[in-house]
Amino acid sequence: MQSKQIKVGKNVILANDKPFVVIAGPCVIESEKHVLRLAENLKKITSELKIPFIFKASYDKANRSSCSSYRGPGVEEGLNILTKVKKELNLVVTTDVHNENQVPKAAQAVDFLQVPAFLSRQTDLLKACAITGKPVNIKKGQFLAPEDMFNIVKKVENFGNKNLALTERGTSFGYHNLIVDFRGLEIMKQTGYPVIFDTAHSVQLPGYHKTCSGGNREFILPLSKAAAAIGIAALFLEVHENPDKALSDASNSVDLKYFKQILRYTKVIDGVTK
């Protein structure tokens, strides 16, 4: 099927047959100061490598393993911070939404709405995102086969929005483990829409530490290279200056000092593939 392309913000194009885009940032907003500093560093690196960049961060991690885990600053403060990132650094920005009430506010603040994997079949949430007219990124549920995304695509199309992207983020494999079936990237491409590979969450070990998830960040680079060899519209990474101290997804976040190296490898393979 011919690859469709979608435009995010003023100048970022997502398409399976175009040079890849990087979507990166911390898992959750830890503070305004931290987000602005990290976003500036990520912008500098991606600009040097001439890779289109979308900044990502969550204002609320509504699906943390434990009720005692840090969730973020909340909708109002979080969206204000993301708006500041967008305006002060002139960046394209994305964030995830968790219920229909959050969607209109998020759509005003960011360029790209993200539906979390756990909520990928929630029809009312999909409808709320669709009717904003904003591009929508739908993460494939860990419990879904790639073919199951076809019905989800039809839902959003039926609500009048064809600015879609689909994200692979690993599939549940027994308890506390995920695997990536790379056939899924090709299968989801059959929708015609851009396919994103979330390498950060693909190496996650859900609930591994009882009150929080674990992860194997050492596999981020090889999985990123493998996805680039197949051909993807974008690579999704969680990045932190001190991953072990990150307030969410510490075990599957990339250390900022390795971010450029990962992108260099991925860019070379992406160029050969396309």
Side-chain angles (χ1 to χ4, degrees), residues 6-12 14 21-43 46 52-64 67 69-120 122-139 156 159 161 163-165 167 169 196 198 200-201 234 236-241 246-249 253:
I6 66 169
K7 187 176 182 181
V8 183
K10 294 180 180 178
N11 54 15
V12 175
L14 286 173
V21 174
V22 62
I23 303 171
C27 177
V28 67
I29 296 172
E30 298 184 2
S31 71
E32 179 179 311
K33 182 179 179 181
H34 175 254
V35 162
L36 285 167
R37 182 178 68 243
L38 182 55
E40 188 172 16
N41 283 324
L42 297 177
K43 179 181 179 180
T46 53
F53 172 49
I54 298 174
F55 179 77
K56 60 81 55 184
S58 296
Y59 52 77
D60 178 22
K61 301 304 293 183
N63 60 348
R64 294 302 305 272
C67 61
S69 298
Y70 176 73
R71 288 181 53 166
V75 179
E76 300 294 339
E77 183 182 350
L79 290 176
N80 286 338
I81 292 171
L82 292 175
T83 299
K84 203 165 188 178
V85 171
K86 180 178 176 179
K87 292 181 176 178
E88 290 191 8
L89 298 177
N90 192 29
L91 287 173
V92 177
V93 176
T94 186
T95 195
D96 44 342
V97 291
H98 300 92
N99 62 58
E100 303 93 276
N101 295 330
Q102 295 177 2
V103 173
K105 294 178 181 179
Q108 291 181 352
V110 303
D111 305 285
F112 199 18
L113 297 173
Q114 178 178 291
V115 177
F118 282 121
L119 302 175
S120 56
Q122 296 297 105
T123 302
D124 289 341
L125 179 59
L126 293 170
K127 179 180 180 180
C129 290
I131 63 178
T132 67
K134 288 277 186 175
V136 182
N137 174 26
I138 307 167
K139 289 196 166 186
V156 180
F159 295 130
N161 193 329
N163 293 311
L164 304 178
T167 294
R169 50 91 73 232
I196 298 166
D198 179 352
H201 290 96
F236 184 106
L237 294 161
E238 292 190 333
V239 186
H240 198 280
E241 302 95 326
L247 298 182
S248 180
D249 280 1
S253 292

TODO: Taking Lys7 for its side chain and Val12 for its backbone only, find out whether a donor-acceptor pair lies under 3.5 Å.
DONE: no

Please evaluate residues Phe55 and Thr46 with respect to the criterion side-chain contact (heavy atoms from CB on, under 4.5 Å), reporting the C-alpha separation (whole Å), side-chain torsions for both, the decisive distance (0.1 Å), and the verdict.
CA-CA 11 Å; Phe55 179 77; Thr46 53; over 6 Å; no

Smallest heavy-atom separation, Leu89 atom then Leu36 atom, equals CD1-O, 3.8 Å

task = Would you check if there is a donor-acceptor pair between the side chains of Asp249 and His240 at a distance under 3.5 Å?
result = no

Applied to residues 124-136, the salt bridge (charged side-chain N to carboxylate O under 4.0 Å, His left out) test, sequence neighbours excluded, yields none

Would you find a donor on one side and an acceptor on the other, under 3.5 Å apart, between the side chain of Glu30 and the backbone of Leu247? yes

The test is side-chain contact (heavy atoms from CB on, under 4.5 Å); show your working for Val103 and Leu125 and say whether it passes. CA-CA 8 Å; Val103 173; Leu125 179 59; 3.9 Å; yes

All heavy atoms of Phe236 vs all of Gln114, minimum pair found to be CE1-OE1, 3.3 Å

By side chain to side chain contact (heavy atoms under 4.5 Å, CB included), Asn80 pairs with (sequence neighbours left out) none

- Query: Between Asn137 and Thr167, is any side-chain donor less than 3.5 angstrom from a side-chain acceptor?
  - Reply: yes

Under a 3.5 Å distance rule, please check whether Tyr59 uses its side chain to pair with a backbone N or O of Asp96 as donor and acceptor. yes

In short, Leu42 meets Phe53 closest at the heavy-atom pair CB-CZ, 3.5 Å

- Query: Would you say Lys84 has more than 12 foreign heavy atoms packed within less than 6.0 Å of its NZ?
  - Reply: no

NZ/Lys43: more than 12 non-hydrogen atoms of other groups inside 6.0 Å:
yes

Exercise. Does the Asn161 side chain pair with the main chain of Ala130, one donor and one acceptor, at a distance under 3.5 Å?
Worked result: yes

